[in-house]
Amino acid sequence: KPSDPIKSGYNFAGWYVDEELTTAYDFSKNVYNNLNLYAKWEIKPSGSGGGVPVTPPVTPDTPKEPIIPDSNGNVDVVIDDKKADELVHEAVSSGSDTITILDTKNVSGNVSSVTVSTTDLETISKKIENNNNIDSVSIETSNGDIIIEKEVLSSILENTKAESVSFEVEDAKNKLTEEQKKAVGDRPVYDISIKAGNENVTSFNGKAITISLPYTLKAGEDPKNIVVYYVKEDGSLDKINCEYKNGKVIFDTDHLSKYVIGYEEQDKPVTPDTPEDKKESSNNTIYYAVAAVIIILIIIALAYYFMKKKQ
């Protein structure tokens with residue numbers, strides 16, 4: 001911890017991680033990267049010997065301008081070295097192992113895609129590659145989140161020469177073929193993609209990507225019966241393992257495409273037969289056996305009769 005600085009006419013009031021001086025730095029935490037800290041100062045009371053202390057003027061916080069998506073629902077996010085440090089610190093301070101590139105709470109309107117320059121993504125990648133506290137990066141949209149491991153982010157950047165990368169979770173109702181519409185019905189369906197420039201990213205370094213989609217249970221729905229399907233072009237469905245947690249459907253995939261949130265009723269358990277059921281079943285078996293014997297005897301008698309008649 002550095003020594004407290006001295007400034008004429010002011011009292012030092014601590015080190016903070018942001019310029020707005022709202023979050024004090026916790027020196028008990030381990031440090032893995034360079035950090036920018038900001039000193040907070042308070043004006044010393046004027047005079048002495050019974051003088052009245054002067055309360056420094058309070059400067060109101062300047063409200064942050066909300067982020068507004070463009071007409072296509074896209075938000076361009078800029079992350080310089082300082083912003084990358086802040087994102088890492090916010091994640092570590094909150095106990096999370098994931099940094100969030102865009103928090104939709106700061107967005108005014110519906111955002112379906114987030115675009116970040118490869119230069120800024122490289123800045124983030126370098127900040128977290130050797131940070132044992134951070135495992136992944138989350139990109140939030142209004143329709144759902146894409147969470148990628150830091151090794152996957154590094155692989156995407158190594159294999160592209162594009163100037164930017166876009167992450168998209170879009171309502172796909174208007175993008176379905178007739179076959180897909182029949183398969184999906186009225187269930188929520190999304191088109192999920194990562195694009196480097198105009199090219200879809202299809203390789204994730206042998207790893208899976210985590211998708212988190214918000215979903216409100218309908219009346220009578222059991223969260224254990226919520227399922228996710230990959231919707232193929234011919235309308236056929238492939239079931240994907242998923243989990244419903246805190247109002248979100250979460251699943252892993254190594255293939256980004258269209259996915260629908262479905263619901264499957266579980267088969268009802270078979271009720272074991274009671275002794276009365278078994279008794280009735282046994283009686284029926286005897287009845288059918290006797291009936292079969294009688295029918296056979298009738299057939300034999302008729303056959304014998306007709307043979308005699310011919311003679």
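Worth saying up front: this structure is predicted, and the values here are computed from it rather than measured.
- Side-chain contact between L157 and S125 is present, with at least one heavy-atom pair separated by less than 4.5 Å.
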For this session: Show the numbers, then the answer: is there a side-chain contact (heavy atoms from CB on, under 4.5 Å) between V260 and V228?
Result: CA-CA 6 Å; V260 59; V228 170; over 6 Å; no
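- Checked against S166 for a side chain to side chain donor-acceptor pair (under 3.5 Å), the options D76, N198, N74, T115 give a single hit: T115.
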Problem set entry | side-chain contact (heavy atoms from CB on, under 4.5 Å) between S154 and E158, worked out | CA-CA 6 Å; S154 177; E158 288 175 1; 3.4 Å; yes
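- For D234 and S236, the side-chain atoms include at least one donor-acceptor pair closer than 3.5 Å.
- Judged by distance alone, the side chains of Y244 and E221 never bring a donor and an acceptor atom under 3.5 Å apart.
- Taking a cutoff of 4.0 Å between a charged side-chain nitrogen and a carboxylate oxygen, K127 and D85 qualify as a salt bridge.
- No donor-acceptor contact under 3.5 angstrom links the side chains of Y190 and N143, judged on distance only.
- Under the 4.5 Å side-chain heavy-atom criterion for Ile, Leu, Val, Met, Phe, Trp and Tyr, V114 and I67 are members of the same hydrophobic cluster.
- Between the side chain of S142 and the main chain of S112, no donor-acceptor pair closer than 3.5 Å is present.
- In this structure the side chain of F167 reaches within 4.5 angstrom of the side chain of I148, judged on heavy atoms.
- Within the 4.5 Å cutoff, no side-chain heavy atoms of I209 are placed close to those of I147.
- The cluster map of Ile, Leu, Val, Met, Phe, Trp and Tyr, joined by side-chain heavy atoms under 4.5 Å apart, puts Y229 and V249 in different clusters.
- With S94 contributing its side chain and A91 its backbone, the two residues share a donor-acceptor pair below 3.5 Å.
- S138 and D145 share no donor-acceptor pair across their side chains, judged by distance under 3.5 Å alone.
- Between the side chain of N205 and the backbone N or O of K207, no donor-acceptor pair lies under 3.5 Å.
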Problem set entry | From CA spacing to verdict: side-chain contact (heavy atoms from CB on, under 4.5 Å), Y230, Y259 | CA-CA 5 Å; Y230 158 47; Y259 290 89; 3.6 Å; yes
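- Salt-bridge formation is detected for the pair E178/K181: a Lys NZ or Arg NE/NH1/NH2 atom is positioned less than 4.0 Å from an Asp or Glu carboxylate oxygen.
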Exercise. Can I99 and E90 be said to form a side-chain contact (heavy atoms from CB on, under 4.5 Å), step by step?
Worked result: CA-CA 8 Å; I99 68 170; E90 287 171 5; over 6 Å; no
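- Under the 3.5 Å distance criterion, with hydrogens and angles disregarded, a donor-acceptor pair is assigned to the side chains of E140 and T104.
- Taking 4.5 Å as the limit, some side-chain heavy atom of K83 sits within range of a side-chain heavy atom of E86.
- In this structure, R187 contributes its side chain and I261 its backbone to a donor-acceptor pair below 3.5 Å.
- Using a 4.5 Å heavy-atom cutoff, the side chains of Y215 and P188 are in contact.
- A heavy-atom distance below 4.5 Å is not found between the side chains of I192 and E168.
- Counting heavy atoms from C-beta on, the side chains of N106 and D103 come closer than 4.5 Å.
- Comment: E179 does not engage K232 in a salt bridge, judged by the lack of any side-chain N to carboxylate O separation of less than 4.0 angstrom.
- In this structure, V137 and I128 have side chains that are in contact, with non-hydrogen atoms separated by less than 4.5 Å.
- T98 and S136 are linked by a side-chain donor-acceptor pair at a separation below 3.5 angstrom, with hydrogens and angles left out of the test.
- Salt-bridge annotation for E264 and K239: present, with a side-chain N of the basic residue lying under 4.0 Å from a carboxylate O of the acidic one.
- Residue I146 holds its CD1 atom at 7.0 Å from OG1 of T141, rounded to the nearest 0.5 Å.
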